[in-house]
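FYI, side chains are in, hydrogens and waters are out, and symmetry mates aren't considered; it's all heavy atoms of this structure. Note that the structure is a prediction, hence the values are computed from the model and not measured. Residue numbers run from 1 in the order of the sequence given.
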Amino acid sequence: MTPIKHMTARLSGFSSGAGLGGKISNFRDKQKIYTQGAPAYTLFYIQTGAVRLTTKAKHRLSAVTAILGAHDFFGELCLAGYPLRMSTAIAMTASSIRTIKKEEMLQILRKNNKASNSLVAYLLSSVENYREHVADLLTSTSEQRLARVLLRLAHLDKNGPKVVEIPILSHEVLAEMVGTTRPRINFFMNRFRKKGFIDYDGGLEVRQSLHTVLGSQELSVKHSLH
């Protein structure tokens with residue numbers, strides 16, 4: 001099972017995206033933004049909405065490799081010299097996305113130390129999140145992994161708001177992310193709802209109380225990384 005990368009870092013000072021330049025476009029639910037193997041001349045910043053990245057290897061089905069939300073970047077590998085897209089990006093809900101040319105972003109990074117430091121911190125945080133997910137696969141139950149996925153998608157840490165609403169994901173996608181079956185996801189989601197950890201009200205409401213599912217496992221995962 002390919003680990004999922006959850007990009008949960010935020011660019012300080014760029015929550016509106018205004019300082020990033022580029023052009024804002026609107027995408028429909030399930031509309032393709034770019035395709036794996038296409039030339040990579042731009043990167044993207046999500047103003048509102050959500051995006052799913054999938055990667056396909058030869059003779060294998062596509063795998064979900066990231067679920068991204070508002071204020072996340074994607075396609076940023078072009079900054080590191082990758083000439084082609086490494087994944088396919090699809091809007092998961094109606095989304096407003098800023099498209100930034102590679103040259104424009106490199107110019108911002110050269111002139112603006114704050115932006116450069118913020119972007120580097122963002123990318124390092126993404127790597128840390130990736131490592132945490134690998135540790136999750138080794139140390140967590142399926143129920144705990146699902147809880148952590150929902151909390152990450154909501155960007156909900158223990159110091160955050162009590163409730164955050166995110167777009168509703170299919171149980172099939174959640175199963176791919178967690179590394180379990182769709183019936184198990186259905187069972188756990190029903191349990192979370194009955195216990196008041198989540199609720200449905202247009203979108204999916206994720207609540208702070210979901211952290212109780214992780215319990216002491218949060219500490220064990222962090223210790224396993226060092």
Side-chain angles (χ1 to χ4, degrees), residues 2 4-57 61-80 82-108 115 118-119 122-123 125-126 129-130 149-156 164-177 200-206:
T2 303
I4 305 300
K5 180 174 66 171
H6 303 275
M7 306 276 276
T8 57
R10 288 292 179 267
L11 280 179
S12 60
F14 290 103
S15 59
S16 69
L20 296 171
K23 177 183 177 182
I24 296 177
S25 301
N26 295 317
F27 292 85
R28 304 182 307 275
D29 179 24
K30 298 181 181 178
Q31 183 176 352
K32 192 173 292 184
I33 300 166
Y34 61 71
T35 304
Q36 183 175 345
Y41 302 124
T42 55
L43 63 155
F44 302 84
Y45 180 80
I46 304 173
Q47 301 281 150
T48 60
V51 172
R52 179 176 68 199
L53 302 184
T54 61
T55 301
K56 181 176 175 56
L61 296 175
S62 296
V64 178
T65 51
I67 299 290
L68 308 174
H71 313 311
D72 281 330
F73 274 109
F74 62 101
E76 72 276 14
L77 287 177
C78 68
L79 297 176
Y82 285 78
L84 302 176
R85 300 294 184 196
M86 304 299 290
S87 61
T88 295
I90 301 172
M92 296 179 60
T93 184
S95 302
S96 177
I97 297 174
R98 186 180 297 271
T99 303
I100 310 160
K101 292 181 180 179
K102 171 184 174 181
E103 292 76 13
E104 291 179 0
M105 177 56 78
L106 289 175
Q107 189 173 20
I108 290 174
S118 186
L119 181 57
Y122 172 91
L123 296 175
S125 179
S126 298
N129 291 332
Y130 177 86
V149 163
L150 295 175
L151 289 167
R152 284 176 175 168
L153 291 176
H155 305 293
L156 190 57
V164 173
E165 184 175 302
I166 62 175
I168 294 177
L169 302 176
S170 73
H171 287 187
E172 183 178 2
V173 169
L174 288 173
E176 288 186 65
M177 297 174 68
Y200 296 96
D201 184 17
L204 173 60
E205 292 183 351
V206 181

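Note that CG of L20 and OG1 of T99 are 11.5 Å apart. Values are rounded to the nearest 0.5 Å. Between L43 atom CG and K102 atom NZ the span is 10.5 Å, to the nearest 0.5 Å. One distance of note links CD of Q31 with CD1 of I97; it measures 9.0 Å at 0.5 Å rounding. The distance from the CD1 atom of I67 to the CG atom of L150 is 11.0 Å, given to the nearest 0.5 Å. H71 contributes atom NE2, which lies 5.5 Å from atom OH of Y45 (distance to the nearest 0.5 angstrom). To the nearest 0.5 Å, the span separating CE on M92 from CD1 on I168 amounts to 10.5 Å.
Closest non-hydrogen pair, A50 versus P167, comes out as CB-CG, 3.8 Å. Annotation for Q47 and A70: closest pair O-CB, 3.6 Å, computed over non-hydrogen atoms. Scanning both residues, L68 and F73, for their nearest heavy atoms gives CD1-O, 3.6 Å. Summarising the geometry of I24 relative to R98, their closest heavy-atom pair is CD1-NH2, 3.4 Å, with the distance given to 0.1 Å. Taking every heavy atom of both residues into account, I100 and M105 meet most closely at CD1-CE, 3.9 Å. Across every non-hydrogen atom of A40 and C78, the tightest pair is O-CB, 3.6 Å.
Evaluation of the side-chain contact (heavy atoms from CB on, under 4.5 Å) rule for Y41 yields P39 as partners, not counting sequence neighbours. In this structure, L84 has no side-chain contact (heavy atoms from CB on, under 4.5 Å) partners at least two apart in sequence or on a different chain. In this structure A89 satisfies the side-chain contact (heavy atoms from CB on, under 4.5 Å) test together with I33, Y34, V51, L53, F74, sequence neighbours excluded. With sequence neighbours left out, T88 forms a side-chain contact (heavy atoms from CB on, under 4.5 Å) with K32, T35, Q36, T54, I90. T93 meets the side-chain hydrogen bond (donor to acceptor under 3.5 Å, both in side chains) test with no other residue; sequence neighbours excluded.
Heavy atoms from other residues, nucleotides or ligands lying under 6.0 Å from OH of Y200 number more than 12. The environment of NZ in K101 is sparse: at most 12 heavy-atom neighbours from other residues, nucleotides or ligands sit within 6.0 Å.
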Starting from the C-alpha separation in whole Å, work towards a yes-or-no answer on side chain to side chain contact (heavy atoms under 4.5 Å, CB included) for T42 and K23. CA-CA 11 Å; T42 55; K23 177 183 177 182; over 6 Å; no
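Side-chain atoms of L204 and L169, non-hydrogen and from C-beta on, never get closer than 4.5 Å to each other.
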